[in-house]
Enquirer: 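Here you go, one structure.
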Amino acid sequence: MPGKFYITTPLYYVNASPHIGHSYTTIAADTLARYMRNKAGEDNVWFLTGTDEHGQKIEKAAEAAQLTPKDFADEVVLKFIGLWKKLNISYNDFIRTTEDRHIQVVSRALEILYKKGDIYEDKYEGWYCTPCETFWIDAQVIDQACPDCKRKVERISETNYFFRLAKYQDWLRGYINSHPDFVNPESRKEEVLRFLELNKLNDLCISRPKERLKWGIPLPFAPAHVTYVWFDALLNYISAVGYFDENNKYRSKWWPAQLHLMAKDILRQHAVYWPIMLYALGIDLPEKIFAHGWWMLKEEKISKSRGNVINPLDIVNKYGLDAYRYFLLRDVPFGLDGNFSEEAVIKRYNSDLANDLGNLVYRTLTMVEKYFDGNVPHVEGEEINYDPRGEDIIKRIEGRDSIFQKEVRKGLEEYNFSYSLGEIWSLINMANKYVEETKPWNLAKENKGDELKAFIIVLVKVIRQVAGELKPFMPDTSSAIINQLGSQKIEKGAPLFPRLLPQC
RNA sequence: CGCGGGGUGGAGCAGCCUGGUAGCUCGCAAGGCUCAUAACCUUGAGGUCCUGAGUUCAAAUCUCAGCCCCGCAACCA
């Protein structure tokens, strides 16, 4: 299926409610999916998200809430689905790791790898940190405390199953070297490569004995054990869109994915574990993976105890959905970390959305109303004499593949959302300048009807172009603008983004 | 021996890989305009590009040394 676009977010772990980070990855994926639908056609895009629901943390959280793990997950899943609805997320499929279709594929994958000898049994002895679900070897543990969380670790000795990561280390290095576009951005690729060069991979422990953890997918060849959550979760990308046939060949219309999006903290799993799992299973690798940055919250050190964690819903309710989408994608280059604060959101809102874009649309509507009785003028024939003052702007938006569109799309192709939005805003600024230079109010006074008409035609055209390119980023705003400047008669409503007063 | 990110006009950042007049947004000041949401447009002030040394005709940009800041807590994007 050439030209298709299969894009994924990670499966979000349901041990807590969704927060700004989840919404960031998902909004970015949504924007790309919308863009690609427009470019490649609705039927050629598949956008997957979902939830990861097994593992010890869920088991414990459920216990604390006095629910079964499944009931607990069901509740949290509703929060995710509710948020995606609120954020206008256009996913095609939502997969849960507790679904049959997923469990089937995981079981088959385990079986295949076991038969192949890539999963083996071994005795494990060491320390275990329950809250972190992490094993530690003697050298890593000081005073029986977890190196990560400093809590007390337990001595354990048990039989477990291991996946042969180490065997494939050199292959993976070679693969990443010969596919420089695989891990993005480039700095992350270097990070992964260096990691692979400096460290020797350990085989990955992929099981937990049932007496310690019940909530998981049982190993088909060792029913007393369940699968480790990461091994389980990663497979969603293929379990959602395909199956293994009788010959253990994986079949799917959508696979391989064109892009896995994630935050930088789970790069390792996606750039190391996942490709090796796929390779061992004889399945094609995804085309690209992209790890973006984190949002830092001011006063984060005390954020939890003070309860001032950012809830995406609050921000959306306060400032509007598209303002939130805009802020996340504009304020920081995708890939880098950023600082999140309401002041920053308000700043962006007022200067970019209210003053630049909203005001441009509003003043244009008013002019159409005032000078043309609300009828949007049309070009009849070819002989409109554009005002030379509009030359720059016309050059930019001329033709089907205008410079403007090319630049905006270039940003999207490179996952550089802030670049695209910057291009859109530079056209908006040009348009505001164009109004100033043309001085339509003088044209009106001097009864220069033709010039006025030529001017407004250009202006409306610019705004339509802006609305068009804005569509994947801010779908509601885009259609609102199109509606207001509808084909014949304008529908001037309230300003799109009423200016927010200071304070708050 | 920690790991990673970073230090650029008042604030937030880009530029650094591929050396060559230091750029953007916000804020500030002055002016202009009235179609517009006290919005828009123009101009201006303001910088030892952390420090030192080195390479070079030339360094924010490359090399070395040093100083300082942030994250590595939660939850995880």
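The sequence lines fix the lettering, A, B, ..., with proteins before strands; numbering per chain opens at 1.
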Enquirer: Taking only the C1' atom of each, what is the distance from B:C13 to B:A22 in whole angstrom?
Expert: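 Taking atom C1' in both B:C13 and B:A22, they lie 14 Å apart.
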Enquirer: Between atom NZ in A:Lys79 and atom C1' in B:C75, what is the gap in whole Å?
Expert: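 A:Lys79 atom NZ is separated from B:C75 atom C1' by 14 Å.
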Enquirer: Let me know the distance between NZ of A:Lys433 and C1' of B:A39, rounded to the nearest Å.
Expert: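 So the two atoms are 16 Å apart, to the nearest Å.
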Enquirer: If you check the A:Ser351 side chain, which of B:C26, B:U34, B:G32 turns out closest?
Expert: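 Nearest to the side chain of A:Ser351 among the choices is B:C26.
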Enquirer: In whole Å, what separates the C1' atom of B:U18 from that of B:G7?
Expert: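 Looking at atom C1' only, B:U18 and B:G7 are 24 Å apart.
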Enquirer: I want to confirm an ordering. Mapping A:Ile266 and A:Asn442 to their closest nucleotides on RNA chain B, which one lands closer to the 5' end?
Expert: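 Result: A:Asn442.
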Enquirer: Between B:C75, B:C26, B:A36, which nucleotide gets closest to the side-chain atoms of A:His19?
Expert: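 Of the candidates, B:C75 comes closest.
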Enquirer: For nucleotides B:G23 and B:G9, find the distance between their P atoms and express it as a whole number of Å.
Expert: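 Comparing P positions in B:G23 and B:G9 gives a spacing of 14 Å.
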Enquirer: What integer distance in Å separates A:Leu500:CG from B:C26:P?
Expert: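 Rounding to the nearest Å, CG of A:Leu500 and P of B:C26 are 16 Å apart.
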Enquirer: Using atom C1' in both nucleotides, what's the gap between B:G15 and B:C49 to the nearest angstrom?
Expert: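 Each nucleotide's C1' atom is 10 Å from the other's.
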Enquirer: Could you measure between the two P atoms, the one in B:U21 and the one in B:G54, and give it in whole Å?
Expert: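 Rounded to whole Å, the distance is 23 Å.
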Enquirer: Taking the C1' atom in each of B:G19 and B:U63, what is the distance between them to the nearest angstrom?
Expert: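 Straight-line distance between the two C1' atoms is 13 Å.
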Enquirer: Looking only at the side chain of A:Arg348 (C-beta and beyond, no hydrogens), which of the listed nucleotides B:C35, B:U37, B:U25 gets closest?
Expert: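 Among B:C35, B:U37, B:U25, the one nearest the side chain of A:Arg348 is B:U25.
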Enquirer: For a side-chain contact (heavy atoms from CB on, under 4.5 Å) check, start with the C-alpha distance between A:Lys288 and A:Phe182, then their side-chain angles and the critical distance, and finish with the verdict.
Expert: CA-CA 5 Å; A:Lys288 284 184 190 214; A:Phe182 179 55; 5.8 Å; no
Enquirer: Please output the side-chain donor-acceptor pairs of residues 368-375 of chain A that fall under 3.5 Å, not counting sequence neighbours, one pair per line with the distance.
Expert:
none

Enquirer: Specify the separation, in whole Å, of atom CD1 of A:Ile424 and atom P of B:C24.
Expert: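 Spelled out: CD1 on A:Ile424 to P on B:C24 is 21 Å.
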Enquirer: Reckon A:Phe497 touches a base, only the sugar-phosphate, or nothing at all at heavy-atom distances under 4.0 Å?
Expert: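 Base contact - A:Phe497 has a heavy atom under 4.0 Å of at least one base atom.
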Enquirer: Grab the CD1-P distance between A:Ile456 and B:A36 for me, whole Å please.
Expert: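 Going from CD1 in A:Ile456 over to P in B:A36 covers 12 Å.
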Enquirer: Please give the nucleotide sitting opposite B:A45 as a Watson-Crick or G-U wobble pair, both distances under 3.5 Å, or none.
Expert: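 Pairing partner: none.
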Enquirer: Compare the minimum distances between each of B:U37, B:U34, B:C40 and the side chain of A:Asp356, then state the nucleotide with the smallest one.
Expert: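 The answer is B:C40, which lies nearest to the side chain.
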Enquirer: Just to be sure I understand the rule, does A:Pro495 reach a base, reach only the sugar-phosphate, or reach nothing, if contact means heavy atoms closer than 4.0 Å?
Expert: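 It contacts base atoms.
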Enquirer: Just checking A:Tyr362: base, sugar-phosphate only, or nothing, at a heavy-atom cut-off of under 4.0 Å?
Expert: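 Base contact - A:Tyr362 has a heavy atom under 4.0 Å of at least one base atom.
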Enquirer: Rounded to the nearest angstrom, tell me the gap between atom CD in A:Glu343 and atom C1' in B:G27.
Expert: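 It works out to 15 Å between those atoms.
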Enquirer: Could you check A:Met262 against A:Thr9 for side-chain contact (heavy atoms from CB on, under 4.5 Å), going step by step and ending with a plain yes or no?
Expert: CA-CA 6 Å; A:Met262 77 220 63; A:Thr9 72; over 6 Å; no
Enquirer: Using a heavy-atom cut-off of 4.0 Å across all strands, would you classify A:Met367 as base, sugar-phosphate, or nothing?
Expert: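 Result for A:Met367 = base.
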Enquirer: Closest approach to the side chain of A:Arg499, judged atom by atom: which nucleotide of B:C35, B:U37, B:U42 is it?
Expert: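 That would be B:U37.
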Enquirer: Give a yes or no on whether a donor-acceptor pair under 3.5 Å exists between the nucleobase atoms of B:A39, that is its base, and the side chain of A:Asn355.
Expert: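 Between B:A39 and A:Asn355, which were checked side chain against base, a qualifying N/O pair under 3.5 Å is absent.
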Enquirer: Mind checking if A:Asp352 touches a base, just sugar-phosphate, or nothing, with heavy atoms under 4.0 Å?
Expert: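 Result for A:Asp352 = nothing.
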Enquirer: Verify whether the ring centers belonging to A:Trp295 and A:Phe327 lie closer than 6.0 Å.
Expert: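 Aromatic pair counts; centres sit under 6.0 Å.
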Enquirer: Please report the C-alpha distance between A:Ile89 and A:Phe47 in whole Å, then the side-chain angles of each, then the deciding distance to 0.1 Å, and finally whether the side-chain contact (heavy atoms from CB on, under 4.5 Å) criterion is met.
Expert: CA-CA 10 Å; A:Ile89 303 302; A:Phe47 171 17; 3.7 Å; yes
Enquirer: Once you apply the 3.5 Å cut-off to both distances, tell me the Watson-Crick or G-U wobble partner of B:G2, or none.
Expert: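 Because both required distances fall under 3.5 Å, B:G2 counts as paired with B:C72.
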Enquirer: For B:C3 and B:A65, measure between their P atoms and round to the nearest Å.
Expert: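 Straight-line distance between the two P atoms is 14 Å.
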Enquirer: Could you check A:Asn429 against A:Arg363 and say which one's nearest nucleotide on RNA chain B is further toward the 5' end?
Expert: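 That would be A:Arg363.
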Enquirer: If I take atom CD in residue A:Glu437 and atom P in nucleotide B:G32, what distance separates them, rounded to the nearest angstrom?
Expert: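 Going from CD in A:Glu437 over to P in B:G32 covers 18 Å.
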Enquirer: Under a 3.5 Å cut-off for both distances, is B:U37 Watson-Crick or wobble paired, and to whom?
Expert: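 B:U37 is paired with nothing.
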Enquirer: By the 4.0 Å heavy-atom rule, please label A:Asp265 as base, sugar-phosphate, or nothing.
Expert: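 Base contact.
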Enquirer: Select base, sugar-phosphate, or nothing to describe what A:Leu365 touches, counting heavy atoms under 4.0 Å on all strands.
Expert: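 Nothing, no nucleic acid heavy atom in range.
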Enquirer: Could you give the CG-to-C1' distance, from A:Leu459 to B:C40, as a whole number of Å?
Expert: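 A:Leu459 atom CG is separated from B:C40 atom C1' by 12 Å.
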Enquirer: If I pick the P atom on B:G20 and the same atom on B:U34, what distance separates them, to the nearest angstrom?
Expert: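 Straight-line distance between the two P atoms is 45 Å.
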Enquirer: May I ask you to check whether A:His260 and A:Tyr237 place their ring centers less than 6.0 Å from one another?
Expert: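 Ring centres of A:Tyr237 and A:His260 closer than 6.0 Å.
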Enquirer: Taking pairing as Watson-Crick or G-U wobble with both contacts under 3.5 Å, can you name the mate of B:C17, or confirm there isn't one?
Expert: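 Across any shown strand, B:C17 pairs with none.
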Enquirer: Apply side-chain contact (heavy atoms from CB on, under 4.5 Å) to residues A:Leu259 and A:Tyr415 and explain how you reach the verdict.
Expert: CA-CA 11 Å; A:Leu259 180 65; A:Tyr415 320 128; 3.6 Å; yes
Enquirer: Choosing from B:C35, B:A14, B:C41, which nucleotide comes nearest the side chain of A:Leu336?
Expert: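 In terms of side-chain proximity for A:Leu336, the closest of B:C35, B:A14, B:C41 is B:A14.
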Enquirer: Would you please classify the geometry between the A:Phe455 ring and the A:Tyr434 ring as parallel, tilted or perpendicular, with 30° and 60° separating the classes?
Expert: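 It falls in the tilted class, 30° to 60°.
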